[in-house]
Amino acid sequence: MSKFEGKDVTLNYDPLADAMYIKRKNIEAEYDHTIEVDNIYLDMGVTKTGEKIITGVEIIDASEIFGVTKFDLSNIIGTSGLIEVYKETVKINIILEVLKRNKPFEKSINAKALNEYGLSNESFNIQATSAIA
């Protein structure tokens, strides 16, 4: 299992399950439900003030979604991206940097869906680097 830490998120990749999970840090919200946006699963939470926010992102079959091998995903250098929630849409952009033949190589995914769930307007960065020095 690979683990990455960022200021606002943690990222875990499990090669056996080929699943990636990005969890937001310092978010106080009770889990409410999960929605799917183009094979990307967004965990929703409700804050004490009633706002509906994204608390985590799960990508099943991550190697297929990113178009790389599981081995490539075992060599992630870091990740970046942005999730934006607007009144009408949710936009997801996640960029992975992996080592391929000892050179950095970027792969990204983009997804967009209607905000049919009443999510509160927000945007947050996905930025994390390897927790292993």
Side-chain angles (χ1 to χ4, degrees):
M1 171 135 2
S2 301
K3 183 172 183 173
F4 301 85
E5 292 287 337
K7 177 182 158 203
D8 299 318
V9 298
T10 59
L11 179 144
N12 290 294
Y13 174 68
D14 181 349
L16 294 176
D18 193 20
M20 182 177 294
Y21 190 73
I22 300 166
K23 183 174 181 353
R24 291 177 74 181
K25 293 180 175 179
N26 307 318
I27 296 294
E28 291 188 32
E30 290 291 321
Y31 173 79
D32 187 51
H33 65 281
T34 300
I35 62 171
E36 183 210 347
V37 178
D38 292 342
N39 294 319
I40 300 168
Y41 297 88
L42 303 175
D43 288 342
M44 303 293 138
V46 179
T47 66
K48 290 180 182 178
T49 60
E51 290 181 293
K52 295 180 182 179
I53 62 170
I54 297 169
T55 59
V57 179
E58 187 170 11
I59 303 168
I60 307 295
D61 298 324
S63 61
E64 184 179 322
I65 300 292
F66 280 100
V68 296
T69 66
K70 291 179 186 181
F71 180 78
D72 290 337
L73 290 179
S74 297
N75 291 296
I76 298 172
I77 300 169
T79 186
S80 61
L82 181 65
I83 295 183
E84 299 170 290
V85 179
Y86 300 102
K87 181 179 179 181
E88 303 211 1
T89 59
V90 177
K91 295 180 182 179
I92 302 166
N93 173 257
I94 302 172
I95 302 164
L96 293 181
E97 189 173 15
V98 298
L99 268 183
K100 232 177 153 74
R101 296 188 178 127
N102 292 320
K103 292 186 181 180
F105 181 72
E106 284 188 357
K107 291 300 283 185
S108 65
I109 56 172
N110 293 291
K112 184 177 178 180
L114 292 175
N115 183 1
E116 298 175 313
Y117 308 96
L119 292 168
S120 300
N121 288 357
E122 67 169 332
S123 68
F124 63 92
N125 288 313
I126 297 171
Q127 186 131 12
T129 56
S130 177
I132 303 169

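Counting from 1, the numbers follow the sequence of the chain as shown.
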Results of side-chain hydrogen bond (donor to acceptor under 3.5 Å, both in side chains) for Asn75 - residues two or more places apart only: none
Set of residues satisfying side-chain hydrogen bond (donor to acceptor under 3.5 Å, both in side chains) with respect to Asn39, sequence neighbours excluded: none
To the closest 0.5 Å, what do you measure between [atom1] ([X]) and [atom2] ([Y])?
X      : Y      : atom1 : atom2 : result
Met20  : Phe66  : CE    : CZ    : 5.0 Å
Tyr13  : Ile76  : OH    : CD1   : 7.5 Å
Leu99  : Phe105 : CG    : CZ    : 12.0 Å
Asn115 : Lys91  : CG    : NZ    : 12.5 Å
Ile22  : Gln127 : CD1   : CD    : 12.0 Å
Ile53  : Met44  : CD1   : CE    : 9.5 Å

Side chain to side chain, [X] and [Y], heavy atoms closer than 4.5 Å:
X      : Y      : answer
Ile59  : Ile109 : yes
Ile35  : Glu116 : no
Asn125 : Leu82  : yes

Residue pairs involving residues 62-71 (criterion salt bridge (Lys or Arg N to Asp or Glu O under 4.0 Å); sequence neighbours excluded): none
Pairwise salt bridge (Lys or Arg N to Asp or Glu O under 4.0 Å) hits with a residue in residues 6-26, at least two apart: Glu5-Lys25, Arg24-Glu122
Cluster check Val46, Val85: I/L/V/M/F/W/Y, side chain < 4.5 angstrom: no
Single-linkage hydrophobic cluster, 4.5 Å side-chain cutoff, Ile95 and Leu73 together: no
Option among Val57, Leu11, Asp43 that satisfies the side-chain contact (heavy atoms from CB on, under 4.5 Å) test with Tyr21: Asp43
Give me each pair satisfying side-chain hydrogen bond (donor to acceptor under 3.5 Å, both in side chains) with a member in [range], each pair once, sequence neighbours excluded.
range           : value
residues 76-86  : Glu84-Tyr86
residues 99-109 : Asp72-Lys100
residues 44-61  : Thr47-Thr49

Under the side chain to side chain contact (heavy atoms under 4.5 Å, CB included) test, residues paired with Ile92 that sit two or more places apart: Val37, Ile40, Leu42, Ile83, Val90, Ile94, Ala111
Listed partners of Lys87 passing salt bridge (charged side-chain N to carboxylate O under 4.0 Å, His left out), at least two apart: none
Residues forming a salt bridge (charged side-chain N to carboxylate O under 4.0 Å, His left out) with Glu36, sequence neighbours excluded: none
Residues, nucleotides or ligands: over 12 heavy atoms within 6.0 Å of Phe71 CZ: no
Residues that, via side-chain heavy atoms closer than 4.5 angstrom, fall in one hydrophobic cluster with Tyr41: Ile60
